[in-house]
Amino acid sequence: MSYMNQSQPNTHQPYANAYQHDGKSAETRNLKPGELSTGTTIMAIPFENGVVLGADSRVSTGTYVANRVSDKVAQLHDRIWCCRSGSAADTQALTDYVRHYLSQLAIETGRAPTVKTAAHLMRRLCYENKDNLMAGVIVGGWDPVEKGSVYNIPLGGTCIKMPFAIGGSGSTYIYGLVDSLYKEGMGEEEAKQLVKKSISHAMARDGSSGGVIRTVVVKEDGNTREYIPGNELPFGP
Amino acid sequence: MASSGSGYDLSSSTFSPDGRIFQVEYASKAVENAGTALGLKCSNGVVLCVEKPLLNKMLLTNSSRRIHSIDKHSGVAITGFVSDGRQIVNRAREECSNYEETYGTKIPTKVLGDRLASYVHYFTLHGSLRPFGTAALIASYDPETKDHALQMIEPSGVSYQYYACAAGKGRQPARTELEKLNINKPDKAENINVREGVKQLARIIHLLHEDGKDKPFELEMSWLCEESGWEHKGVPRDFIKEAVDWAKKDILETEEYESDEDEEMED
């Protein structure tokens with residue numbers, strides 16, 4: 001698992017003319033032409049005995065919506081999931097690697113890996129390959145050591161354990177909302193409602209987020225997937 | 001007892017007709033000639049102990065270590081070829097450090113034992129290498145499961161977890177003594193704790209040197225327990241001294257008791 005990090009000099013030219021970017025969004029400037037972006041809203045909140053993860057479902061190439069019902073919440077292990085944002089290809093590749101390493105680790109240690117370990121692995125990959133990746137990931141799940149926990153791994157590869165995490169392009173519009181509504185010690189229903197409400201608000205304002213809301217509730221005894229179609233959103237469109 | 005290799009013992013990549021690899025067995029012999037190492041898994045921790053014969057009067061005491069920490073939460077005691085042991089300790093340190101760097105948590109006991117065993121085993125497979133002439137006793141604590149464990153790795157590359165284990169010159173009498181201790185009782189509360197364990201190990205080592213004509217030796221002890229904050233540390237020197245004093249007294253008392261019994265029987 002060693003990616004020799006040969007640092008390439010950053011060849012991005014600063015824009016001499018402010019309008020040189022042709023009105024394209026900040027995100028698409030960094031993507032290759034035609035590359036898919038999960039310009040997104042993702043979110044995860046731990047509650048008493050588990051974690052709720054939620055995401056929208058829009059995948060875009062520029063202004064074209066390539067997939068309006070995609071699944072951005074991926075399973076890494078039995079009780080460990082992650083929300084993906086950024087380049088769809090990059091996050092899918094990362095998810096596949098971490099899934100592979102976690103399954104090998106589970107066999108070697110004889111027990112389920114912890115969310116901390118999964119987040120750590122994801123972070124290693126994101127950090128060591130930061131020059132070639134554009135991926136913001138939220139890892140969340142349940143393990144016997146920490147119970148429900150959530151780790152935010154934004155661009156660049158920091159890994160921070162947080163009481164709740166939001167990410168993706170749509171998250172910028174809901175920082176205030178989540179900050180004001182979040183309370184410590186929420187139960188499962190409260191956490192789920194907060195996730196659904198916040199993502200709805202983000203989808204209403206962010207052009208790169210939309211479609212349906214997919215949530216996963218992860219607890220010791222199992223995972224429950226839910227889906228809210230676009231016409232039943234708590235807020236918006 | 002030792003059968004002649006008669007040509008099948010020249011390389012560790014040669015089996016004998018009766019299915020043995022003599023080089024690996026000879027490596028175990030090297031361990032059997034060295035100072036005794038003991039390990040004890042107590043109810044609230046693990047104790048490691050190595051007896052170092054002082055071969056040279058000019059030797060500075062406490063300078064040559066047999067017990068090494070390989071991470072905060074684990075330590076290794078080696079006996080046999082000390083230089084071979086250094087290799088194992090270094091590899092163990094690398095494994096611990098790599099695991100934590102990759103997975104973000106302390107290496108679990110079983111994984112460490114398996115990896116070191118694989119490493120030791122590797123040297124028994126290649127004709128151009130020789131097996132390690134060392135046995136390694138690993139004491140380890142897993143912060144996630146809150147479990148402590150004792151493992152031993154032999155030159156053949158096998159690794160087992162033990163309640164108590166012994167390697168080196170005095171392992172046979174040591175094992176007999178260790179079996180008498182309360183370490184595997186079904187009612188966990190009856191098992192001895194680390195403080196008692198330190199004393200018992202000191203006693204066992206001194207029992208092995210009872211005949212007095214043996215050369216002077218040094219005792220190195222370490223523990224990994226609640227009292228040490230689940231960090232692998234040397235047993236405090238004054239406690240070792242206390243344990244040794246108690247051990248000598250206890251051995252004397254037992255001898256007197258036994259000689260009293262003998263006198264009665266003669267009447």
Side-chain angles (χ1 to χ4, degrees), chain A residues 1-5 76-80 82 94 97-130 137-153 157-162 220, chain B residues 41 46 70-74 88 90-122 136 138-153 157-163 224 226 229-231:
Chain A
M1 214 201 106
S2 56
Y3 292 88
M4 300 308 281
N5 190 13
L76 297 177
H77 199 79
D78 291 349
R79 297 285 179 274
I80 308 177
C82 80
L94 283 170
Y97 273 113
V98 175
R99 197 179 286 135
H100 168 70
Y101 291 132
L102 281 180
S103 69
Q104 284 193 327
L105 183 66
I107 292 175
E108 192 177 7
T109 56
R111 56 181 193 240
T114 55
V115 182
K116 182 175 172 195
T117 303
H120 197 92
L121 279 167
M122 182 68 83
R123 185 270 290 243
R124 275 291 297 276
L125 288 169
C126 289
Y127 177 72
E128 310 253 324
N129 298 287
K130 62 157 86 185
V137 166
I138 298 179
V139 177
W142 186 94
D143 62 54
V145 180
E146 293 281 339
K147 309 288 183 267
S149 51
V150 158
Y151 291 80
N152 197 355
I153 305 164
T158 24
C159 176
I160 331 171
K161 182 169 197 274
M162 306 186 77
E220 180 178 4
Chain B
K41 179 186 171 184
V46 184
I70 46 185
D71 199 340
K72 273 214 171 118
H73 69 300
S74 50
I88 296 182
N90 286 335
R91 179 70 185 209
R93 287 179 176 156
E94 274 174 38
E95 292 285 355
C96 283
S97 154
N98 275 332
Y99 189 94
E100 189 163 2
E101 209 183 311
T102 307
Y103 298 111
T105 53
K106 295 287 181 199
I107 190 168
T109 308
K110 186 171 160 299
V111 175
L112 176 62
D114 285 350
R115 293 203 183 171
L116 279 183
S118 295
Y119 179 68
V120 169
H121 174 253
Y122 179 84
I138 308 174
S140 174
Y141 175 68
D142 190 344
E144 283 182 357
T145 55
K146 307 247 187 302
D147 230 348
H148 54 282
L150 169 67
Q151 288 187 102
M152 183 157 79
I153 306 191
V158 295
S159 148
Y160 293 112
Q161 289 198 5
Y162 291 91
Y163 289 104
L224 175 66
E226 268 180 272
W230 293 114
E231 277 186 31

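Chain identifiers are assigned alphabetically (A, B, ...) following the order of the sequence lines, protein sequences preceding nucleic acid strands; residue numbering begins at 1 within each chain.
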query = Should the pair B:Y99 and B:Y103 be assigned to parallel (<30°), tilted (30 to 60°) or perpendicular (>60°) ring geometry?
reply = tilted
Partner chain B: residue of A:E108, A:E146, A:K116 with the largest heavy-atom pair count (under 4.5 Å) = A:E108
key: Which atoms of A:R123 approach chain B - backbone, side chain, both or neither, heavy atom under 4.5 Å   = neither
ask   = Is there a donor-acceptor pair closer than 3.5 Å between any side-chain N or O of A:H120 and the backbone N or O of B:E101?
value = yes
message = Between B:T109 and chain A, with a heavy-atom cut-off of 4.5 Å, which part of the residue counts as in contact: side chain, backbone, both or neither?
response = neither
message = Strictly distance-based, threshold 3.5 Å: is any side-chain N or O of B:H73 a donor or acceptor partner for the main-chain N or O of B:I107?
response = yes
note = So, the part of B:N98 with a heavy atom under 4.5 Å from chain A: the answer is neither
inquiry  = For A:I160, is there any backbone N or O sitting under 3.5 Å from a side-chain donor or acceptor partner on A:N152?
reply    = no
